[in-house]
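Down below is the structure, laid out as structure tokens.
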Amino acid sequence: MAERILGKTLATVSLSVALASVTVKSSGCCSIPECRNAFSSCGFHLSSNIMSTSNGAKENSHNKARTSPYPGSKVQRSQVPNEKVGWFVEWQDYNPVEYTAVSVLAGPKWADPQIRNPAGRTGLVGRGLLGRWGPNHAADPIITRWKRDSSGNKITHPISGKNILQFVAIKRKDCGEWAIPGGMVDPGEKISATLKREFGEEALNSLQKSGAEKRELEEQLHKLFSQEHLVIYKGYVDDPRNTDNAWMETEAVNYHDETGEVMDDLTLEAGDDAGKVKWVDISDQLQLYASHSQFIKLVAEKRDAHWSEDSETETECHGL
């Protein structure tokens with residue numbers, strides 16, 4: 001499968017780095033897109049397919065790794081000419097043979113497990129837009145308050161008789177759909193930090209604030225995110241970016257401003273990946289990105305708020 005092919009590719013690159021002659025230049029960058037994507041610093045130029053002998057001559061160090069058949073099998077490799085060995089050489093027609101030994105597929109303790117989408121086939125292998133094989137972790141902060149009239153009284157729905165809950169929604173720039181203002185967890189970052197950071201960046205435009213404004217905003221966000229909260233969902237997400245080998249997992253957390261006083265001090269302003277931001281009434285009429293409608297429904301149930309005008313649906317929800 002594709003993940004095993006790229007897995008071997010990444011292993012080869014790592015080995016090549018160890019063996020390569022590396023030169024650092026003060027200016028200039030690799031002109032090949034794959035080069036720029038693979039390494040954040042364009043000052044590193046690798047020569048991965050040659051080594052220097054004791055007498056200074058150059059020889060190819062990637063011969064045994066191209067021999068056929070593959071050890072213990074009759075599998076023939078795709079032929080790779082010397083001039084096409086390096087990863088920085090463009091070769092759009094490169095179509096390597098896929099092979100994993102039966103003994104490895106049997107799942108011994110020393111072998112990595114096969115990376116497959118836990119929900120099933122998606123019709124697409126590889127990673128798509130996702131950076132990691134397997135789960136890609138995100139965090140979704142669901143900020144809510146009660147809808148109130150001009151006198152400050154909670155507004156109830158005329159049919160369900162339940163109070164109407166509102167949440168902060170953003171309109172994504174990439175697809176134009178309304179969504180919860182969440183995002184990816186950075187390496188080493190705690191979920192709690194991701195929740196606060198993403199809300200600040202997308203719903204309050206914190207990235208464009210001055211130093212003084214950021215400090216003031218941080219104090220206000222601390223009040224909101226330090227209060228009691230509910231973990232609404234944690235796990236696999238039905239997301240359009242998912243593939244057979246990479247998928248989204250998230251932790252959706254509800255921070256509720258019961259009185260509305262905390263959020264009254266915060267001015268919503270779209271930023272980063274968000275094109276628009278606003279308070280949205282919660283109901284079953286919502287059409288949101290990915291699995292976000294399901295998360296919002298769970299919040300309504302937990303807060304005993306209005307969700308549907310259908311009384312039978314309301315009853316079923318509380319029976320879950």
Margin query: Check D244 with R116, please: is the shortest side-chain N to carboxylate O separation under 4.0 Å?
Written below: no

E201 bridged to R197 by N-O distance under 4.0 Å
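Salt bridge present between E201 and R197.
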
request  = Taking ring-ring contact (aromatic ring centres under 6.0 Å, His included) as the test, write out the residues that go with W279, two or more places apart.
outcome  =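 For W279, no residue satisfies ring-ring contact (aromatic ring centres under 6.0 Å, His included) once neighbours in sequence are set aside.
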
Task: Pair listing, ring pair (Phe, Tyr, Trp, His ring centres under 6.0 Å) test, anchored in residues 152-197, at least two apart - done: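 Sorted result for residues 152-197: H157-H306.
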
Go through the structure and list residues passing salt bridge (charged side-chain N to carboxylate O under 4.0 Å, His left out) with [X], not counting sequence neighbours.
X    : answer
E177 : none
R172 : D174
D239 : R241

Could you list the donor-acceptor pairs under 3.5 angstrom formed by side chains in residues 101-112, with sequence neighbours left out?
none

Next on the checklist: Within the supplied structure, the quantity of interest is the number of heavy atoms (other residues, nucleotides, ligands) at a distance under 6.0 Å from E213 CD; does it exceed 12?
Outcome noted: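 Enclosed.
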
Salt bridge (charged side-chain N to carboxylate O under 4.0 Å, His left out) partners of residues 268-283, not counting sequence neighbours, each pair once:
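Of all non-adjacent pairs touching residues 268-283, those that pass salt bridge (charged side-chain N to carboxylate O under 4.0 Å, His left out) are K147-D281, K209-E269.
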
Residues two or more places apart in sequence or in another chain: which of them pass side chain to side chain contact (heavy atoms under 4.5 Å, CB included) with [X]?
X    : answer
N163 : W146, K154, T156
K234 : E251
P118 : Y236, W247
S151 : D149, N153

Beyond-backbone contact of P69 with Y99, side-chain heavy atoms, under 4.5 angstrom:
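Not in contact.
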
* To do: Apply side chain to side chain donor-acceptor pair (under 3.5 Å) to D265 and list each qualifying residue two or more places apart in sequence or on a separate chain.
  =>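 Counting only residues at least two positions away or on another chain, D265 forms no side chain to side chain donor-acceptor pair (under 3.5 Å).
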
